[in-house]
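Chain naming here is simple, since letters A, B, ... match the order of the sequence lines and numbering starts at 1 in each. If you're wondering where the values come from, they're calculated on a predicted model, not measured in any experiment.
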Amino acid sequence: MLDLHFVRENLDAVKAALQNRNFPIDSLEKFVQLDTTRRRVIGESDAINQQRNHSSKEIGALVQTGKKDEADAKKAEVADLKDKQNELEHQRKKVEAEMNDLLSHLPNVPQTNVPVGADESANSEVRRWGTPKEFDFEPKDHVDLGEALGILDLERATKITGSRFAILNGAGARLERALVNFMLDIHTTEHGYTETLPPFIVNRKTLFGTNQLPKFEDDLFHLKDERGLALIPTAEVPVTNYHADEILDAKDLPKCFAAYSPCFRSEAGSYGKDTRGLIRQHQFEKVELVKLSLPENSNDEHEKLTENAERILQLLGLPYRTVVLSTGDMGFGAAKTYDIEVWLPSQNTFREISSCSNCEDFQARRMNLRFRRAGGAKLEFVHTLNGSGLAVGRTWIAILENYQQADGSIQIPEILQSYMNGLEKIG
RNA sequence: GGAGACGUGGCUGAGUGGCUGAAAGCGGCAGUUUGCUAAAUUGUUGAGGAUCAAAAGUCUUCCACAGGUUCGAAUCCUGUCGUCUCCGCCA
């Protein structure tokens, strides 16, 4: 959420940012109007409050000195004030609610070094690693490979749940589990993250903190429960909110978390997109990286976090490229985002396997996550960052496709073999 | 699921209708003192909003949250949420 004062004082900059994000700017005119009204109403309301408080004290004194008539006269006066007050308070609440609603629907302002553009065609590649393998046979996709090997069963998953669900069996299930453990081990032992295992169900306040609400209600799986709970779409939600409503000590920053979790997404509006295989599922597993950082360090932390995620692909020997998303392609809360895209032979292209964002103080403001510097200075909002390190299902796909052999077997990357009980190949 | 207790500032903890944004202690910050460390001592120390060019100042709101009673609520009433204890149940 953008700061009220920031929007008021940087109206033109915010307007430009919204336009670059393909976001309608008419709400900013409404903003100016609401802002003016709000301040007027608060001024009037406070003035009446002051009178009331003052009169109440006088009444107290009059009652104690036995001047009942005068006290009664005053009481009548205050009763009048109270009516006006109620009216103003009502207005104030209404205006503030509208204002909040408006602000909570505004996306973050992109950093100035983010490429401006309408969509993903304006994304810009920042680096590339590895060389896609040349196959001397026609490479299959992960569905053909997995089903032939008996490690992937999409049909029965559809039977027991529905489309966009999958069952992994045998070495396939083991590979998934190996990847989770491998990723967590690297991030905790080599990259300094603290492992955390959060709840997979969260409340609405938490969903608001990381921007899923109010705008993206339909992307979630909601529980039929009077508490308004939902399944997490990513561990970013519970983990970033871990310190919500707290005041952290500057010396404890940055805080770096690595969290495994399943992720649940309704994928509303994506019908017909990536319908084959594991690419786009309603449920998938992910190891998520989250950082809480000092504002002045968040860009450096963002670079490091992205490199930490890339490191996993390097260790697995999977070719990838990293792109910086354009203003039109970025997520709602991000100020800057790098996507890491892994090479998929079957599609002869790079596909997203991680998205690493610096949200600056956008989420922190929503969840009231602040810190104090030494010297007792004023409280400031923490900067929050997150990125997949990595999406496990898509890594599973990448391994099958990149490590497939002519006979349909899958060679296991060496670094994973110890996680697979020494298994060198599947099939 | 049943019964009971409770929810106050960074922490502990006073406060049962006006003089309480809140005692006291701890912690934090600033200073003084003392070979160093430690201790002692003095002062200071919540958050949001409005006003203001800014600071200062002034005003206002906040004692889990939302309502209500009252001229006046941390204090009384109702609801919600949460925590703890005991019983039941269960992995």
Between [N] and [M], how far apart are the two [atom1] atoms, rounded to whole Å?
N     : M     : atom1 : answer
B/U44 : B/A22 : P     : 13 Å
B/C26 : B/G7  : P     : 24 Å
B/C84 : B/A91 : P     : 23 Å
B/G10 : B/G46 : C1'   : 9 Å
B/U51 : B/C63 : C1'   : 27 Å
B/G28 : B/G15 : C1'   : 25 Å
B/G13 : B/G25 : C1'   : 8 Å
B/C19 : B/A73 : P     : 11 Å

For [N], which nucleotide in any strand shown is its Watson-Crick or wobble partner with both distances under 3.5 Å?
N     : answer
B/G79 : B/C65
B/C89 : none
B/A73 : none
B/C84 : B/G4
B/A50 : B/U58
B/A22 : none
B/A40 : B/U32
B/G17 : none

NA contact type, [X], heavy-atom cut-off 4.0 Å: base, sugar-phosphate, or nothing?
X        : answer
A/Asn53  : sugar-phosphate
A/His5   : sugar-phosphate
A/Arg40  : nothing
A/Arg204 : nothing

(message) Take a 6.0 Å sphere around NE2 of A/His90 and say whether it holds more than 12 heavy atoms from other residues, nucleotides or ligands.
(response)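 No, the 6.0 Å shell around NE2 holds no more than 12 heavy atoms from other groups.
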
(request) Indicate whether any N or O donor in one side chain lies under 3.5 Å from an N or O acceptor in the other, for A/Asn53 and A/Ser56. (result) no

(message) If we count only N and O atoms by modelled type, under 3.5 Å, do the side chains of A/Glu360 and A/Gln111 hold a donor and an acceptor together?
(response) yes

(request) Please report the closest heavy-atom contact between A/Leu278 and A/His142, naming both atoms and the distance. (result) N-NE2, 2.9 Å

Between [N] atom [atom2] and [X] atom [atom1], what is the distance in whole Å?
X        : N     : atom1 : atom2 : result
A/Lys205 : B/G82 : NZ    : C1'   : 13 Å
A/Ile247 : B/A47 : CD1   : P     : 8 Å
A/Glu96  : B/U60 : CD    : C1'   : 12 Å
A/Leu369 : B/G48 : CG    : P     : 14 Å
A/Glu380 : B/A47 : CD    : P     : 13 Å
A/Ile48  : B/C59 : CD1   : P     : 17 Å
A/Arg38  : B/G48 : CZ    : P     : 14 Å
A/Phe381 : B/G48 : CZ    : C1'   : 10 Å

Ignoring hydrogens and geometry, is there a side-chain-to-backbone donor-acceptor pair from [X] to [Y] under 3.5 Å?
X        : Y        : result
A/Arg370 : A/Ala364 : no
A/His383 : A/Leu294 : no
A/Ser55  : A/Gln51  : yes
A/Arg52  : A/Lys82  : no
A/Trp396 : A/Leu175 : no

(request) Kindly indicate whether the side chain of A/Leu315, heavy atoms from C-beta on, has any atom under 4.5 Å from the side chain of A/Arg311. (result) yes

(request) Ignoring the backbone of A/Gln50, work out which of B/A47, B/C59, B/G49 is nearest its side chain. (result) B/C59

(request) Compare the minimum distances between each of B/U60, B/A47, B/A50 and the side chain of A/Leu379, then state the nucleotide with the smallest one. (result) B/A47

Between [X] and [N], is there a contact of a side-chain N or O with OP1 or OP2 at under 4.0 Å?
X        : N     : value
A/Asn49  : B/U61 : yes
A/Arg39  : B/U51 : yes
A/Arg370 : B/G10 : no

(request) Evaluate salt bridge (charged side-chain N to carboxylate O under 4.0 Å, His left out) for A/Lys255 paired with A/Glu246, printing each intermediate quantity in order. (result) CA-CA 14 Å; A/Lys255 280 181 176 281; A/Glu246 293 184 27; over 6 Å; no

(request) Please tell me which of A/Ile42 and A/Ala47 maps to the more 5' nucleotide of RNA chain B, matching each residue to the nucleotide holding its nearest heavy atom. (result) A/Ile42

What protein N or O atoms touch nucleotides 66-75 of chain B N or O atoms at under 3.5 angstrom, if any, and at what distances?
| unit_1 | atom_1 | unit_2 | atom_2 | d |
| --- | --- | --- | --- | --- |
| B/G67 | OP1 | A/Lys93 | NZ | 2.8 |
| B/C71 | O2' | A/Ser56 | OG | 3.0 |
| B/G72 | OP1 | A/Arg52 | NH2 | 3.1 |
| B/G72 | OP1 | A/Lys82 | NZ | 3.4 |
| B/G72 | O4' | A/Ser56 | OG | 3.3 |

Provide a list of protein-nucleic acid N or O atom pairs under 3.5 angstrom, restricted to nucleotides 62-65 of chain B.
none

(request) Could you give me the CA-CA distance, side-chain angles and deciding distance for A/Phe264 and A/Phe200, then say whether ring-ring contact (aromatic ring centres under 6.0 Å, His included) is met? (result) CA-CA 9 Å; A/Phe264 304 92; A/Phe200 304 150; 7.5 Å; no

